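The structure under discussion appears below in the form of structure tokens.
The structure displayed is predicted, hence computed values, not measured ones.
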There are 2 protein chains.
Amino acid sequence: MLDYQFKKGELYSFITGKASIAIARRLQKKFNAHGLNLTIEQWSVLYHLWKEDGKSQQELCNATFRDKPSITRLVDNLERSGLVKRVPSENDKRINKIHLTEHALLLHEQTMLLAEETLKEALEGVPAEQIDLCKEVLQKVYDNLTL
Amino acid sequence: MLDYQFKKGELYSFITGKASIAIARRLQKKFNAHGLNLTIEQWSVLYHLWKEDGKSQQELCNATFRDKPSITRLVDNLERSGLVKRVPSENDKRINKIHLTEHALLLHEQTMLLAEETLKEALEGVPAEQIDLCKEVLQKVYDNLTL
DNA sequence: AGCATATGGTTGTTTATGCAACTATTTAAA
DNA sequence: TTTAAATAGTTGCATAAACAACCATATGCT
């Protein structure tokens, strides 16, 4: 049993994830500044399709920690923006395979550079070993709550 | 200049704040399970009012890292639920002082216990010094992006 | 005093989330 | 084989976020 005590403001910011909110906002601003008409949430879906195109919506749910309705609507919006296309699976008529368009492929490199740039700004002055430890703790937290 | 390299999935989860999303979801489930008709976002506003009642909406913006429209609507919903009351300031007619109701005072202890319980579950098996370091890193990230 | 500017708050619009209820297809079991 | 249960996806509803435009009050400057 853990008896670690958070101070007042810390508990709040640990629960609300102040830091990651700031990171996402910064990245979104970069997207906007570069005229990319793309939300962070939409980018997070593309992110997984760039790794492997043609994932099903259910696979995107698992990859992005979102529920099915959320993915349905994100794919709706991505399709409306001409970034992906739903392709019904041959084997299983229930499944939609989500495929990237040419336009989405063009966004890959640029947005990844902006994401890396954002993280560099975020982690400026933090030693690599502390980043590693922090990642470990956050992964452990995630595992504790989901496994 | 930092040349730390994230691995594929790590970059994504660092930006999206996987861990804090999981914490907030767990806490929300606890609220629901206890029949508390309260969102985490609403709780986060009450949290700052429990520390100091009668804050203005602008002060709540600063405390919760939200913009003015977000606070307007959160206060709308809290008022509709009978948890807070807007009281126009005497000195400055532009300002609304937000005051807790009796009902909101009753929620304080219970919800804080649930929040602490959630963090205990989240941080199970993580040594205290690692938690401290992780907090420091996240604070540094926040400062890097907002100062 | 009078006007420009800053500050506090609200409203409209678009996008996203969580939950429950629903349809369609597939798989498993009686 | 027919029926029940699981799986994939969609829709409706309530809540929330970001941004821009807006109104009202206060402050500062000339």
Side-chain angles (χ1 to χ4, degrees), chain A residues 16-18 20-22 24-33 36-46 54-81 83-84 86-98, chain B residues 16-18 20-22 24-33 36-46 54-81 83-84 86-98:
Chain A
T16 55
K18 205 172 63 159
S20 47
I21 291 173
R25 281 185 188 156
R26 172 67 61 97
L27 180 53
Q28 182 70 68
K29 277 191 202 312
K30 283 184 197 289
F31 283 180
N32 298 344
L36 302 176
N37 194 19
L38 188 69
T39 67
I40 300 302
E41 292 81 4
Q42 290 169 2
W43 173 79
S44 79
V45 171
L46 297 182
K55 279 196 165 81
S56 73
Q57 295 188 197
Q58 183 58 55
E59 287 169 326
L60 288 173
C61 290
N62 301 336
T64 65
F65 327 118
R66 290 183 170 84
D67 68 355
K68 292 191 289 173
S70 294
I71 289 297
T72 292
R73 275 138 182 164
L74 280 174
V75 171
D76 284 348
N77 287 337
L78 284 167
E79 205 167 25
R80 200 137 40 78
S81 304
L83 291 168
V84 304
R86 281 179 170 93
V87 180
S89 165
E90 294 292 322
N91 321 335
D92 188 335
K93 291 181 191 168
R94 296 171 301 180
I95 295 177
N96 288 335
K97 301 281 192 180
I98 310 302
Chain B
T16 55
K18 203 172 65 160
S20 46
I21 291 173
R25 281 185 188 156
R26 171 68 62 98
L27 181 54
Q28 182 69 69
K29 276 190 202 312
K30 283 183 196 290
F31 283 0
N32 298 344
L36 302 175
N37 193 19
L38 189 69
T39 67
I40 299 302
E41 292 82 3
Q42 291 169 1
W43 173 80
S44 80
V45 171
L46 296 183
K55 280 198 166 82
S56 72
Q57 294 188 199
Q58 183 57 56
E59 288 169 327
L60 289 173
C61 290
N62 301 335
T64 64
F65 327 117
R66 292 184 169 85
D67 68 355
K68 292 190 290 173
S70 294
I71 289 297
T72 292
R73 275 138 182 164
L74 280 174
V75 171
D76 284 348
N77 286 336
L78 284 168
E79 206 167 25
R80 201 138 37 80
S81 304
L83 291 168
V84 304
R86 281 179 169 94
V87 180
S89 165
E90 293 291 323
N91 320 334
D92 189 334
K93 291 181 190 167
R94 293 170 304 180
I95 296 178
N96 288 334
K97 301 281 194 179
I98 310 303

What integer distance in Å separates [X]:[atom1] from [N]:[atom2]?
X       : N      : atom1 : atom2 : answer
B:Asn32 : D:dT15 : CG    : P     : 13 Å
B:Leu38 : D:dT15 : CG    : P     : 12 Å
B:Ile95 : D:dT27 : CD1   : P     : 9 Å
B:Leu74 : D:dA18 : CG    : P     : 11 Å
B:Lys68 : D:dA16 : NZ    : C1'   : 18 Å
B:Asp92 : D:dT25 : CG    : C1'   : 7 Å
B:Ile71 : D:dA16 : CD1   : P     : 10 Å
A:Asp67 : D:dT15 : CG    : C1'   : 14 Å

- Within the distance-only criterion (no hydrogens, no angle test), does the side chain of B:Ser81 pair as donor or acceptor with the backbone N or O of B:Asn77 below 3.5 angstrom?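 Checked: pair present.
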
- Within the side chain of B:Gln28, is there an N or O that forms a donor-acceptor pair under 3.5 Å with the backbone of B:Ile40?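 Such a contact is found between B:Gln28 side chain and B:Ile40 backbone.
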
Between [Y] and [X], is there a side-chain heavy-atom distance shorter than 4.5 Å?
X       : Y       : result
B:Phe65 : A:Arg25 : yes
A:Ile71 : A:Ile98 : no
A:Glu79 : A:Leu83 : no

Within the 4.0 Å heavy-atom criterion, would you say [X] contacts the bases, only the backbone, or no part of the nucleic acid?
X       : value
A:Asn37 : nothing
B:Asn96 : sugar-phosphate
A:Lys29 : sugar-phosphate
B:Lys93 : sugar-phosphate
A:Thr72 : base
B:Asp76 : nothing
A:Gln42 : sugar-phosphate

- Query: side-chain contact (heavy atoms from CB on, under 4.5 Å) between A:Cys61 and A:Arg66: does it pass, once the steps are laid out?
  - Reply: CA-CA 5 Å; A:Cys61 290; A:Arg66 290 183 170 84; 5.6 Å; no

- Going 5' to 3' on DNA chain C, which nucleotide is the first and which the last to come under 4.0 Å of a heavy atom in chain B?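 First and last nucleotides in contact are C:dA6 to C:dC19.
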
- Message: With a 4.0 Å cut-off on N to O distance, would you call A:Arg86 and A:Asp76 a salt bridge?
- Response: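 Here A:Arg86 pairs with A:Asp76 in a salt bridge, since their nearest N and O are under 4.0 Å apart.
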
- Query: Which comes earlier along DNA chain D counting from the 5' end, the contact point of A:Arg73 or that of B:Arg66, where each point is its nearest nucleotide?
  - Reply: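 It is A:Arg73 whose nearest nucleotide is closer to the 5' end.
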
- Along DNA chain D (nearest heavy atom to each residue), the more 5'-positioned of A:Arg25 and A:Gln57: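 Nearer the 5' end of the strand: A:Gln57.
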
- Task: Taking only the side-chain nitrogens and oxygens of B:Thr39, find out if one of them lies under 4.0 Å from OP1 or OP2 of D:dA16.
- Result: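 Looking at the OP1 and OP2 atoms of D:dA16, one of them is under 4.0 Å from a side-chain N or O of B:Thr39.
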
- To the nearest 0.5 Å, how far apart are CG in A:Asn32 and CG in A:Leu38?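 These two atoms lie 9.5 Å from each other.
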
